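Read through the structure below, which is laid out as structure tokens, and then see the notes.
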Amino acid sequence: MKDCNCIFCKIANGEIPSNTVYEDEYFRAILDLSPAAKGHTLILPKEHFANLYELDDEYAKRVMPVAKMIAMAAKKALNADGVNLVQNNEAAAGQTVPHFHLHVIPRHEGDNALPLWTPGQSDPEEQKEIAAKIGGEL
Ligand code: AMP
Ligand code: ZN
């Protein structure tokens, strides 16, 4: 079901033009308007899901092969040295458009396009507790 007020619904369904890299029955992949790096692509489901939590399992199953295909095509086309997949959920995690999307970001050595996290420290006891806590919710 598409959401009439959602810009990514409109783009995914071709109502707003985009630089489309790939399209099938389920997804449209477009170039990001404010790319972190050349070739930064967003994979948008044609149905509206606000985020990963709402994403239908059929789409979830189908999105990774599309990401793999685009990652490899972008790597070849742009001579990239690597590729990041990024997927943000909720404002606290940096999501700005509430329609599920998977970022495919081609990388070149030393481009500093995407700051990654600073590795922290882990406590073995706490790690055990956290693993059990998350596992308990599954
Ligand atoms: P996120 O922060 O994970 O929600 O990512 C949203 C992404 O959508 C950002 O990288 C934006 O640059 C990109 N974006 C927003 N509006 C458009 C648009 N109209 N066309 C293409 N990309 C867009
Ligand atoms: Zn939408």
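Remember, predicted model here, so these are calculated numbers, not experimental data. When a ligand or atom number is given, it counts from 1 through the structure's own listing order.
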Using the Zn ion (ligand 2) as the apex, give the angle to atoms ND1 (His48) and SG (Cys6), rounded to 10 degrees. 110°

Treating Asn13 as the side-chain partner and Lys10 as the backbone partner, does any N or O pair qualify as donor plus acceptor under 3.5 Å? no

Between Glu129 and Lys133, does any side-chain N to carboxylate O distance fall below 4.0 Å? no

Using a 4.0 angstrom limit on heavy atoms, which residues are close to ligand 1? Ile7, Phe8, Ile11, Ile30, Leu31, Asp32, Leu33, Ser34, Leu42, Asn88, Gly94, Gln95, Thr96, Val97, His101, His103

Identify, with sequence neighbours excluded, every residue that meets ring-ring contact (aromatic ring centres under 6.0 Å, His included) alongside Tyr26. Tyr59

So does Leu33 get a backbone contact from the side chain of His40, meaning a donor-acceptor N/O pair under 3.5 Å? no

Whether the side chain of Glu90 engages the backbone of Ala92 through a donor-acceptor N/O pair (distance < 3.5 Å, no angle test) should be reported. no

As a test of reading the structure, name the N/O/S atom of His99 that is nearest the Zn ion (ligand 2). ND1

If I take atom NE2 from residue His99 and atom NE2 from residue His48, how far apart are they, to the nearest 0.5 angstrom? 7.0 Å

With a 4.0 Å cut-off, would you call Lys46 and Glu23 a salt bridge? yes

